[in-house]
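The structure appears right after this line, and notes come after that.
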Amino acid sequence: RHLDATRAWANDPELRARILRVLPVGERDQERWFDNLAANPSRLVFAVQERSEGGHVGNTGLYNIDFLHRRAEFWILIASAEHRGRGYGRAALGLMLDYGFDELNLNRVYLHVGADNAPAIALYEKAGFRPEGLLREHYFIQGRYVDVLVMSRLRKDTNA
């Protein structure tokens, strides 16, 4: 029921750059992505909703879930500026880490974030993620090269 909003967010130029997405998403592309989620056990996606009204404010998930090596890639998008900085990202991140470590028995959760996305980096650091490296000029988005920071949190890492 959230596909239209999710596609609109992915096609918003500001948000697209924030989530390191290069190309816009067509309706058929979005439908294929959604159909493939059910068939792909290495990807889980969840809606992030407001506590009080239950409105859809973003999405989060784990991609590249590898049960052999017990790792997965975390991602999140809180779409509207009015919902950012209000705890939705922190709450969703905490739930996803609990789910990944406790339910999926992961050892490592990693992520990629634009090196200039200071609010997201601060959130990840508060949740115990540590920088692992910098992918210099890793993406070409909206006419410029973007550096990407790789961060991870291990099961044994303490949460700040």
Side-chain angles (χ1 to χ4, degrees), residues 2-3 5-7 9-12 15-25 29-49 56-79 83-141 145-160:
H2 301 304
L3 282 180
T6 298
R7 187 176 60 254
W9 296 337
N11 288 329
D12 176 280
L15 293 177
R16 196 167 61 231
R18 184 180 294 265
I19 61 174
L20 304 173
R21 185 166 189 89
V22 177
L23 300 173
V25 178
D29 296 326
Q30 185 81 0
E31 291 170 358
R32 270 194 299 269
W33 169 80
F34 185 74
D35 290 343
N36 289 334
L37 283 177
N40 187 345
S42 73
R43 289 183 162 209
L44 294 173
V45 175
F46 300 93
V48 178
Q49 296 186 265
H56 183 214
V57 301
N59 295 320
T60 188
L62 295 171
Y63 278 179
N64 304 312
I65 300 169
D66 184 330
F67 292 104
L68 176 63
H69 299 291
R70 298 174 47 208
R71 65 181 177 226
E73 179 179 2
F74 172 78
W75 63 271
I76 190 167
L77 170 67
I78 304 301
H83 291 106
R84 287 185 220 127
R86 295 181 50 195
Y88 295 110
R90 182 180 39 224
L93 174 56
L95 290 170
M96 293 301 292
L97 288 172
D98 289 347
Y99 184 73
F101 292 133
D102 298 340
E103 300 298 321
L104 299 179
N105 195 30
L106 299 176
N107 180 60
R108 180 176 187 270
V109 175
Y110 64 96
L111 59 87
H112 296 99
V113 61
D116 61 352
N117 191 343
I121 293 167
L123 170 69
Y124 301 141
E125 287 175 338
K126 285 180 186 171
F129 281 81
R130 296 180 186 172
E132 292 188 335
L134 183 70
L135 303 173
R136 299 180 313 142
E137 297 184 359
H138 193 63
Y139 288 104
F140 187 74
I141 300 175
Y145 287 102
V146 177
D147 292 342
V148 174
L149 182 62
V150 179
M151 302 179 79
S152 73
R153 167 135 178 233
L154 302 179
R155 175 190 293 274
K156 67 182 177 183
D157 292 340
T158 57
N159 191 359

Mark yes or no for whether R71, through its side chain, and V109, through its backbone, hold a donor-acceptor pair below 3.5 Å.
no
Looking at D147 and R136, does any basic side-chain N land under 4.0 Å from a carboxylate oxygen?
no
Go through the steps to decide whether L44 and L104 satisfy the test side-chain contact (heavy atoms from CB on, under 4.5 Å), and finish with yes or no.
CA-CA 11 Å; L44 294 173; L104 299 179; 4.1 Å; yes
In sequence, state the C-alpha distance, the side-chain angles, and the governing distance for N64 and Y110, and then conclude on side-chain contact (heavy atoms from CB on, under 4.5 Å).
CA-CA 10 Å; N64 304 312; Y110 64 96; 3.7 Å; yes
P131 and L149 have their tightest heavy-atom pair at CB-CD1, 4.0 Å
Apply side chain to side chain contact (heavy atoms under 4.5 Å, CB included) to I76 and list each qualifying residue two or more places apart in sequence or on a separate chain.
T60, F74, I78, A92, Y124
R43 NZ/CZ over Y63 ring centroid, <6.0 Å and within 45° of normal
yes
Do the charged groups of R32 and D35 touch, with an N to O distance under 4.0 Å?
no
Do L62 and M96 come close enough that some side-chain heavy atom pair is under 4.5 Å?
yes
Pair R70-R155, side-chain contact (heavy atoms from CB on, under 4.5 Å): steps then yes or no
CA-CA 10 Å; R70 298 174 47 208; R155 175 190 293 274; 3.9 Å; yes
Any donor-acceptor N/O pair, H112 side chain to G114 backbone, under 3.5 Å
no
Give the minimum heavy-atom separation between A127 and L97, together with the two atoms involved.
O-CD1, 4.2 Å
Any residue meeting ring-ring contact (aromatic ring centres under 6.0 Å, His included) with F67, in chain and number order, not counting sequence neighbours:
none
Looking only at heavy atoms, the pair that brings E73 and L111 closest together is CG-CA, 4.4 Å
Exercise: identify the closest heavy-atom pair between R153 and F101:
O-CZ, 3.6 Å
Do the side chains of E137 and V146 get nearer than 4.5 Å, heavy atoms only?
no
Report yes if some heavy atom in the side chain of F129 is under 4.5 Å from a heavy atom in the side chain of L123; otherwise report no.
no
Between A47 and N59, the two heavy atoms sitting closest are CA-OD1, 3.7 Å
Ignoring hydrogens, what is the shortest heavy-atom contact between V148 and H138? Give both atom names and the distance.
CG2-CB, 3.9 Å
Looking at side-chain heavy atoms only, is the closest gap between N107 and H69 below 4.5 Å?
no
Nearest-0.5 Å distance, CG of residue D98 to CD of residue E103
9.0 Å
Does CZ belonging to R90 count more than 12 external heavy atoms closer than 6.0 Å?
no
Hey, could you give me the CD1/CG distance between I65 and N40, rounded to the nearest 0.5 Å?
8.5 Å
Residues R108, E132: salt bridge by 4.0 Å N-O rule:
yes
Taking the side chain from D102 and the backbone from Y99, do they hold a donor-acceptor pair closer than 3.5 Å?
no
I would like to know whether V57 and Q49 meet side-chain contact (heavy atoms from CB on, under 4.5 Å); could you show each step before the answer?
CA-CA 5 Å; V57 301; Q49 296 186 265; 5.9 Å; no
